Each structure stands twice: as C-alpha cells, then as structure tokens.
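Everything quoted here is computed from the prediction, not taken from an experiment. We count ligands from 1, going down the list as the structure has it; atoms in each ligand are counted the same way.
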Amino acid sequence: MTTATPDVKPSAVNPAPSKPRGGGLEGIVAGETAICSVEQGALIYRGYEIHDLAQNATFEEVAHLLLVGHKPSAADLKAFAQEIVAERALPPLVTEIIQKTAKLSHTVPMDTLRTAVSALAHLDPDCQSVDAAANLRKSKRLLAKIPTIIGHMQNVIDGKPIVQPEPSLGHAANLYWMMTGKKCSQQWARVLDVSLILYAEHDYNASTFAGRVISGTLSDMHGAVTGAIAALKGPLHGGANEAAMDMLREIMNDVGEGAIGTPKVDSWMQNAFDTKRKLMGFGHRVYKNGDHRAPILHNLGRAVAEKENPTLEGHNAVKWFELGEHVQKIMLDKKSIHPNVDFPCGMTYFTMGIPVPQYTPIFVAARIAGWAAHIMEQHANNRLIRPIADYKGPALKKWNAESRLTEAPDAMI
Ligand code: COA
C-alpha cells in the first residue's frame with residue numbers, strides 16, 4: 001500500500017501556491033532567536049535538522065538541547081533525565097485541582113492543564129524570579145510535571161485510581177503509562193517520543209509568541225506558559241490535532257468505510273469546499289509546500305497501524321489511515337494544500353488508543369521545551385514587546401457632557 005504522503009522534504013524552490021494576504025503579522029520578522037529556524041526547506045533546532053533528530057535523538061536529548069542550549073553528553077543526559085524523573089510528582093493542591101475540575105461539564109483537558117500549570121506557580125520557590133538559573137530550574141519542573149498532570153487528568157476522567165509516575169520509564173513511555181495504566185511496546189513508546197520531538201519547537205508560532213510577549217514584560221515563567229497553553233488550545237493552532245481527528249471521524253461516519261477510495265469521499269470534500277469549511281490539519285502559515293514533520297509522523301503512525309491494526313470505533317486502524325490519505329490527496333489535487341503535522345498526529349494517537357481530548361495536552365508536554373527556551377531567551381536579552389496599531393476608528397469628536405440626554409447615541413463601529 002502506498003501512502004499519499006511520501007517521505008520527502010518540502011521543496012525550498014517551489015513557489016508558494018497562495019497569495020500573501022494582510023493581517024496576522026504574516027511575513028513580519030518580530031525578533032531574533034538562536035533556538036529554531038522554520039523555513040520552506042528545513043526545520044532546524046539549534047543547528048540540528050528535524051529528520052536527523054526524529055531518526056537519531058530522544059525527546060529527553062532534544063529537551064536538553066533546547067533548554068540547556070547544547071546536545072547533551074552521556075553524563076549530561078543522565079543527570080538531566082534523573083532530575084526530570086525526580087520532579088514528576090505533583091503537589092497535593094494541584095492533584096486536588098485536577099480532581100475538582102477535570103470532569104466539570106464546561107471543561108476540556110486543555111482548561112484543566114492551564115489551571116494546573118498556573119497553580120504550580122503558587123508552590124514553586126523560584127516563581128517570582130526571572131533569573132537564568134531559576135528559569136532553568138522551573139523549566140525542568142514544568143517539563144517533568146506536565147505529563148503527570150495529563151495522566152492524572154485522564155485517570156480522573158476515566159473514574160480510575162491515580163496512576164503514579166514510573167521512574168524506570170522514559171518520558172514518552174511514562175506519559176502513556178500514567179494516562180492509560182498500561183505499559184506500551186517499545187515501538188509505541190518510540191512513536192510517541194518522536195511525536196514529542198516533532199512538536200517540541202517551532203520558532204515564533206502563536207503560542208510561543210504569546211509566551212514571549214508575556215515574559216517580555218518581565219512577568220514570570222509560569223504566567224507565560226499559562227498564556228501559551230491558552231493560545232495553543234485554539235483549533236487554528238495546537239487544537240487542530242484533535243479537530244483533525246474529529247473531522248476524520250465525521251467523514252468516516254458520513255461516507256462509511258466502503259467509500260474509501262471512491263468518489264463518495266470526493267463529494268464530501270467538495271461539499272466542504274463549497275461551504276468554505278476549513279479542513280483541520282491542513283495548511284500552514286509558513287510552510288506552503290508541505291510541513292517537514294507531517295510525513296515523518298504519518299509513516300511512523302501507519303507502521304503502527306499496519307503492525308497491530310486495532311479496531312477503532314468499528315474500523316481497523318489502517319482504514320483510518322487510508323481515509324486520511326484519500327482526504328490528503330483530494331486537498332492536494334483540488335486546493336494545493338498539504339497536511340500539517342496535526343493531521344497524521346490525529347490518526348497516530350488514535351491508533352495508539354489515546355483519547356482525542358488529550359492530543360493537544362500532549363502537544364503541550366512537548367512544546368513546553370520550546371516555550372521555556374524562548375522565555376529564557378527573552379528574559380536574557382529583554383525589551384518590552386509592544387507594537388503599534390493602525391487606527392481605523394472614528395475621527396476626533398468632542399465629549400459633551402451637557403447634551404447626553406438629548407444627543408442621539410454614537411453609531412456602532
Ligand atoms: N482548509 C481549507 N482551506 C484552507 C485551509 C484549510 N485547512 N488552510 C488554508 N486554506 C485556504 C484559505 O481559505 C485561503 O484561501 P483563499 O485565499 O481562497 O481565501 C488560503 O488557503 C490561504 O489560507 P490562510 O487562511 O490565509 O492561511 P493562514 O496563514 O492565515 O492560516 C492556518 C494558516 C494554519 C491557520 C490555516 O491553514 C488553517 O486554518 N488550517 C486549519 C487549522 C490547522 O490545521 N491548524 C494547525 C496549523 S499547524
């Protein structure tokens with residue numbers, strides 16, 4: 001079976017298919033960074049290209065690279081991993097907050113995660129400091145504790161006892177363990193690990209920029225990360241991995257498994273185009289010729305599906321990938337729009353039995369490395385981030401207090 005997403009690097013030379021439009025700070029250079037370079041031709045973390053990292057590094061190594069600033073030696077990595085394992089447990093107050101909020105009717109896991117991270121600030125001895133050493137200590141604590149928040153939250157949602165962190169497991173395998181109470185295979189742990197590497201950093205994306213704006217006021221790391229989590233939740237950003245899987249479920253329900261590869265899927269898509277619907281997990285502000293990360297995760301996720309092929313909501317995992325590939329082909333043929341990393345993420349996490357509302361929190365578990373690196377970079381060389389706006393409101397007029405009872409109200413702008 002061929003996949004619709006060949007493992008090729010996006011071209012640096014093909015012209016972007018869509019015209020640039022105004023707004024959204026598109027194409028604006030908003031600052032400098034030594035952490036990451038996002039270009040049509042390559043995605044690079046501190047000098048290392050993403051295919052290289054996905055093939056050869058572990059998430060712990062990448063987190064060290066991003067946070068500490070260099071590739072760890074064996075001794076560095078051992079010490080770093082030990083520190084992270086030692087910081088995994090949550091304070092009772094945060095566990096209580098999770099227990100009290102995770103099942104509230106208007107709450108999704110990203111809300112509980114945001115509140116829990118904010119609550120961690122109250123108990124962190126370094127909370128108020130923006131000093132480099134304090135920031136590094138806080139970033140390691142957040143890196144360690146966010147997976148535990150996700151795990152505890154899922155346990156509460158499932159109505160099961162809290163699963164404590166398992167020190168013998170690496171970052172990804174421990175996250176899976178805490179969420180499900182099951183030890184996953186080495187293959188699954190590696191796929192989850194690679195997904196964390198792919199999600200770890202992406203220069204001035206919306207949530208990182210939000211975090212930099214907050215830290216640029218010399219506010220603290222927990223506050224900046226709390227704001228970044230809120231930004232990531234939106235379906236145009238990190239929330240797209242959940243939205244992409246929900247959309248695929250909708251297509252599967254509407255057309256049925258037997259329609260995969262037939263014009264029925266094309267008709268569904270045509271209807272989406274006709275109604276100007278945004279197809280989640282497609283498109284990107286920077287990558288117009290394909291997201292470097294998408295084929296890497298697609299191929300790994302599909303390999304898991306092919307190996308074990310669990311039945312998911314009545315359909316074999318491979319069928320979900322076949323439907324996804326058909327959708328991708330139509331998007332490319334009809335709209336010249338490529339999938340972003342969130343599209344294969346949805347199918348991959350689905351194959352591994354991870355509940356859909358935890359996909360974006362898992363993105364947080366990875367992106368905390370990038371956010372914290374940017375917050376530290378901002379604090380180390382800070383200038384308040386404060387752009388200006390182009391005023392389009394009414395012309396100057398006089399506020400006449402005497403005539404408030406007789407004058408007609410201002411027209412709404
Ligand atoms: N589905 C349908 N059409 C899409 C699309 C999508 N996912 N993404 C972009 N387009 C279309 C737009 O409608 C627009 O068409 P037009 O010029 O005819 O109006 C054109 O492609 C350019 O898109 P634009 O919205 O200007 O791109 P942007 O840079 O502002 O937005 C995203 C980028 C990521 C927000 C956008 O592609 C999107 O909403 N994708 C879906 C959500 C998603 O997957 N987000 C995760 C990003 S990693």
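In the candidate list Leu236, Asp342, Asn241, Leu236 is nearest to atom 45 (N) of ligand 1, counting heavy atoms. Nearest to atom 33 (C) of ligand 1 by heavy atom, out of Arg285, Met331, Arg293, is Arg285. Nearest-residue assignment for atom 42 (C) of ligand 1 (options Pro235, Ala294, Gly24, Gly283; heavy-atom criterion): Pro235. The option from Lys278, Met280, Lys288, His237 that lies nearest to atom 25 (O) of ligand 1, judged by heavy atoms, is Lys278.
Between Phe343 and His298, the ring centre distance reaches or exceeds 6.0 Å.
With sequence neighbours left out, His106 forms a ring-ring contact (aromatic ring centres under 6.0 Å, His included) with no residue at all. Annotation: ring-ring contact (aromatic ring centres under 6.0 Å, His included) contacts of His202 (sequence neighbours excluded): His284, Tyr287.
Residue Ala240 approaches ligand 1 through these ligand atoms, each under 4.0 Å from one of its heavy atoms: 43 (C), 44 (O), 45 (N), 46 (C). If you number the atoms of ligand 1 from 1 as listed, the ones under 4.0 Å from a heavy atom of Leu279 come out as 1 (N), 2 (C), 6 (C), 7 (N), 41 (C). For ligand 1 and Gly281, the ligand atoms under 4.0 Å from any heavy atom of the residue are 43 (C), 44 (O).
Only the side chain of Asn340 comes within 4.0 Å of ligand 1, counting heavy atoms alone; its backbone N, CA, C and O stay farther away. Under 4.0 Å from ligand 1, the heavy atoms of Ile337 that appear belong solely to its side chain.
For the pair Trp371/Ser207, a side-chain contact is recorded, criterion being any heavy-atom separation below 4.5 Å from C-beta on. Side-chain contact between Met178 and Ile150: absent, with no pair of heavy atoms (C-beta onward) separated by less than 4.5 Å.
A cation-pi arrangement is present between Lys335 and Phe273, with the terminal nitrogen or guanidinium carbon under 6.0 Å from the aromatic centre and inside a 45° cone about the axis.
Residues Glu242 and Pro361 come closest through the heavy atom pair OE2-CD, 3.6 Å.
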